[in-house]
Amino acid sequence: MHSINAERLIGRIRELGDIGRDAEGRLTRLAGSANDKAGRDRLVGWVEAAGLEVAIDRIGNIFGIWRGEGNAGHAPLMLGSHIDTVINAGIYDGCYGVLAALEVIETLKDLGVTPARPIVVAAFTNEEGVRFAPDMLGSLVHVGGLAVDAALATIGTDGAVLGEELARIGYAGNVEPGHLQPHAYVELHIEQGPVLEREGTAIGAVENLQGISWQRVTIDGVANHAGTTPMAMRRDAGLAAARVGLFLREHIARSNAPSVATVGTMRYEPDAINVIPSRAVFTVDLRDPDEERLQALEAVLADFLARVAEEEGVEISVERLARFQPVVFDPAIVAAIEASARTRGLKSRRMTSGAGHDAQMLARIAPTAMIFVPSRDGISHNPREHTEPDDLAAGANVLLDVVERIACSG
Ligand code: GLV
Ligand code: MN
Ligand code: MN
């Protein structure tokens, strides 16, 4: 049984986690930003130093390719995740999977192993989707789910065009997306939820991932004086918007389903203390592991918006930002993850991913699965995100075992 170099892995996670901090120490590397460039440059430096071939495709996905001797005719095993972050992020989300993939490759190289197929570390563009929608955009383009030119034309929340931003930071590569069709894809990630820590379980063998629906809702009412307009005479876009988040929470509680709903952004116009909002623009993120239930939740939301429009005297329009169906991962890779955990004396459990991941896209073109490790207090998308060093090492060692099983067994 081999082991990765935990010190090297954790050192790199911390080093990458220091790139892109503002004066208050907040970490933000939004896709296509100058901070993203700085993180990418550091990653590419490590990939080159490891002796891997670097390929950058037109949507900015970064690939570090280890072509062992005599395996040229074989489809590669792909490992990876993303290094873009949310606003005021933690240091593990995505970066752990990319750097552990590199660590596994370097470990195998150090051991003198000759893989039976190329092994690739991938860092996909704009997984988070904070600046450009949809999320998982780079991996979606990689699997052919979105044309590269359409993806490059995506307008960000700040009005920037993704293609122009990638060119500006030097990551508009020239390789056609999808040039590497993997034999299999494995992604290691922090759980970002409370299950593993609560149970004292070291390894999550992720067997499925829930569906994701992102919509942007615009409500138009009428601006008027906050002091003089009687409550019954208002067409208040802000109040109408506020009803939506509350309704979703109450509906899900009543339905007893595992669905989750989040209103994560909200913007009022004119955004003034004494003016009834004429416009509210907000996002709704709905998720459920069951496609039918997710569709039903979307329909319930649509009905409620129609009712609110009627009752509040406002106009409502909806734009779809992302829609991904739930996926079921490859049972053989899930079993290989469990077998590795067993051999190493690590407690494991099968689980569903609540977060979206590039694996959700890769599962469209190759057998895919994910490995999770515990997140302290179940916190993520937050600077308090933390995973214990032993857990980070354990997850990377399980990834190493799975890689050896898939790519080094001849
Ligand atoms: C990605 O982090 C997502 O699940 O939104
Ligand atoms: Mn992630
Ligand atoms: Mn994330």
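Computed from a predicted structure; not experimentally measured. The figures here come from the full heavy-atom set of this structure, side chains too, leaving out hydrogens, waters and symmetry mates. All ligand and atom numbering here is 1-based and tracks the order in the structure.
Closest to the Mn ion (ligand 3) among the N, O or S atoms of His381 is NE2. Atom NE2 is the N/O/S atom of His189 found closest to the Mn ion (ligand 2). Taking the N/O/S atoms of Asp93 in turn, the shortest distance to the Mn ion (ligand 3) belongs to OD2.
Taking the charged nitrogens against the carboxylate oxygens, Glu15 and Arg8 have no contact shorter than 4.0 Å, which rules out a salt bridge. With respect to Glu165 and Arg168, a salt bridge is recorded, a charged nitrogen being found less than 4.0 Å from a carboxylate O.
Listed for the Arg234 side chain is a donor-acceptor partner under 3.5 Å among the backbone atoms of Ala226. Looking at Asn126, its side chain never comes within 3.5 Å of a backbone N or O of Leu137 through a donor-acceptor pair. Using modelled atom types, no side-chain atom of Thr218 and backbone atom of Ser317 make a donor-acceptor pair closer than 3.5 Å.
Residues Asn208 and Val328 come closest through the heavy atom pair CB-CA, 4.1 Å.
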Would you mind listing each N/O atom of ligand 1 next to any protein N/O under 3.5 Å, plus the distance?
from	atom 1	to	atom 2	distance (Å)
ligand 1	2 (O)	Glu128	OE1	2.9
ligand 1	2 (O)	His381	NE2	3.2
ligand 1	4 (O)	Arg287	NH1	2.7
ligand 1	4 (O)	Arg287	NH2	3.3
ligand 1	4 (O)	Gly356	N	2.6
ligand 1	5 (O)	Arg287	NH2	2.8

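Using cut-offs of 30° and 60° on the angle between ring planes, the pair His142 and Phe63 is tilted.
Atoms CG and CD1, on Asp149 and Ile59 in that order, are 9.0 Å from each other to the nearest 0.5 Å.
Taking backbone and side-chain atoms together, His82 has an N/O/S atom less than 2.8 Å away from the Mn ion (ligand 2). Counting backbone and side-chain atoms alike, Glu128 contributes an N/O/S atom closer than 2.8 Å to the Mn ion (ligand 3).
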